[in-house]
Every structure is written in C-alpha cells, then in structure tokens.
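Dropping the structure in here first, questions after.
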Amino acid sequence: MIYLFDAELWLWDARQGDSWVFVSLPQEASAEIRETAGALPRGFGSVRVTATLGATVWKTSIFPDAKAGVYVLPLKKAVRKAEGVEVGDTAMLKVELDL
C-alpha cells in the first residue's frame, strides 16, 4: 500500500529536552493502515514503512497518535536538512507499508 499526501511538519516536545519533528498522515489513510496492520502488532503500535520526501528515501516506522486518531511519521534532522524543510512547512510525502 502506497500513500501520497501533503502534510505540515510539526514539533512534538512533550518531554523536556526532546524535540521530534513529525507529519501526520491523513485520516483516511490512517484508518486503512490501522485496519491492514492491526493484525501485525509491533511495539507502540508501530508500522514499518519506506518513506520518501523529495529525493530522500528512508526506512522507518509510523506510530499511532491516539489523541489525533492518525498515524504520525517522524522526520529525522538529516532528512529535513537534505530536503530544505523545517517545522511549519508543508511537504509532499510518500509512505509505503513494509508489511
């Protein structure tokens, strides 16, 4: 399953000293992923994916955000730097499930 979407980069800073940047997957995609991957539970409800932002492709996991009801994709600093994006920017992403 492959998902293409535009999303705004946002900062998660719930823990003192930790700063993580994420994008939220769309509601519809998240519901479909939850239905598909629900039978394959992993730590923290994560799902393995291959993500693409611009010319950068990497393996990672998406995680459920119970509060928002969607999956979120972490964006490493190296990826953000390579693609010239920062918190508040909107970017086009591709997420492919690695089931």
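Basis for what follows: all heavy atoms, side chains included, without hydrogens, waters or symmetry-related copies. Counting from 1, the numbers follow the sequence of the chain as shown.
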Gap separating the NZ atom of Lys76 from the CH2 atom of Trp20, nearest 0.5 angstrom: 9.5 Å

Tell me, do Val95 and Tyr71 make a side-chain contact under 4.5 Å, heavy atoms counted?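 Answer no - side chains too far apart.
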
Locate the shortest heavy-atom distance separating Ser30 from Gly69; write the atom from each residue and the value.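 Scanning both residues, the minimum pair turns out to be CB-O, 4.2 Å.
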
Heavy-atom pair with the smallest gap, counting every atom of Val70 and Ser24: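 Scanning both residues completely, I find the closest heavy atoms to be CG2-CB, 4.0 Å.
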
Look at the side-chain heavy atoms of Ile, Leu, Val, Met, Phe, Trp and Tyr, link any pair under 4.5 Å apart, and say whether Val87 and Leu93 land in one connected group.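 Same cluster: Val87 reaches Leu93 through Ile, Leu, Val, Met, Phe, Trp or Tyr contacts under 4.5 Å.
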
If I compare all heavy atoms of Pro64 with all of Gly45, which pair ends up nearest, and what's the gap? CD-O, 3.3 Å

To the nearest 0.5 angstrom, please state how far the CD1 atom of Ile2 sits from the CG atom of Leu97. 9.0 Å

Intermediate values then yes/no, side chain to side chain contact (heavy atoms under 4.5 Å, CB included), Phe22 and Leu73: CA-CA 5 Å; Phe22 290 90; Leu73 169 70; 5.8 Å; no

Under a 4.5 Å cut-off applied to non-hydrogen side-chain atoms, are Phe63 and Val47 in contact?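 Phe63 does not reach Val47 side chain to side chain.
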
Under 3.5 Å, is there a donor-acceptor pair between the Glu32 and Tyr3 side chains? yes

With side chain to side chain contact (heavy atoms under 4.5 Å, CB included) as the test, would you mind laying out the steps for Thr36 and Met1 before giving the verdict? CA-CA 9 Å; Thr36 302; Met1 302 178 105; 3.5 Å; yes

Heavy atoms only: give me the nearest Arg80-Leu9 pair and the separation to one decimal. CD-CD2, 3.9 Å

Should Thr90 and Glu8 be marked as a side chain to side chain donor-acceptor pair (under 3.5 Å) after you check the CA-CA gap, both sets of side-chain angles, and the distance that decides it? CA-CA 4 Å; Thr90 297; Glu8 183 177 336; 4.8 Å; no

Answer whether the closest heavy-atom distance between the side chains of Val72 and Leu25 falls below 4.5 Å. no

Close side-chain approach of Pro74 and Thr60, heavy atoms under 4.5 Å: yes

Show the nearest heavy-atom pair for residues Leu53 and Trp58, with the distance to one decimal.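 It is N-CZ3, 3.7 Å.
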
Report the C-alpha separation of Thr50 and Val57 in whole Å, then their side-chain angles, then the decisive distance to 0.1 Å, and conclude whether the side chain to side chain contact (heavy atoms under 4.5 Å, CB included) test is met. CA-CA 7 Å; Thr50 300; Val57 179; 3.6 Å; yes

Taking all non-hydrogen atoms of both residues, which atom of Ala7 and which atom of Val23 are closest, and how far apart?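 Shortest heavy-atom separation between Ala7 and Val23 comes out as CB-CB, 3.7 Å.
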
Mind checking whether Met92 and Val49 sit in one hydrophobic cluster, side chains of I, L, V, M, F, W, Y counted as touching below 4.5 Å?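 No, Met92 and Val49 fall in different hydrophobic clusters.
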
Heavy-atom distance under 4.5 Å between the side chains of Phe5 and Lys94, does that happen here? no

Contact check, side chains of Asp98 and Lys59, non-hydrogen atoms, under 4.5 Å: yes

Rounded to the nearest 0.5 Å, what's the gap from NZ on Lys81 to CG on Leu75? Could you check?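 Lys81 atom NZ to Leu75 atom CG measures 16.0 Å (nearest 0.5 Å).
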
Side chain to side chain contact (heavy atoms under 4.5 Å, CB included), that's the test. Do Val85 and Val21 meet it? Break it down for me. CA-CA 11 Å; Val85 296; Val21 176; over 6 Å; no

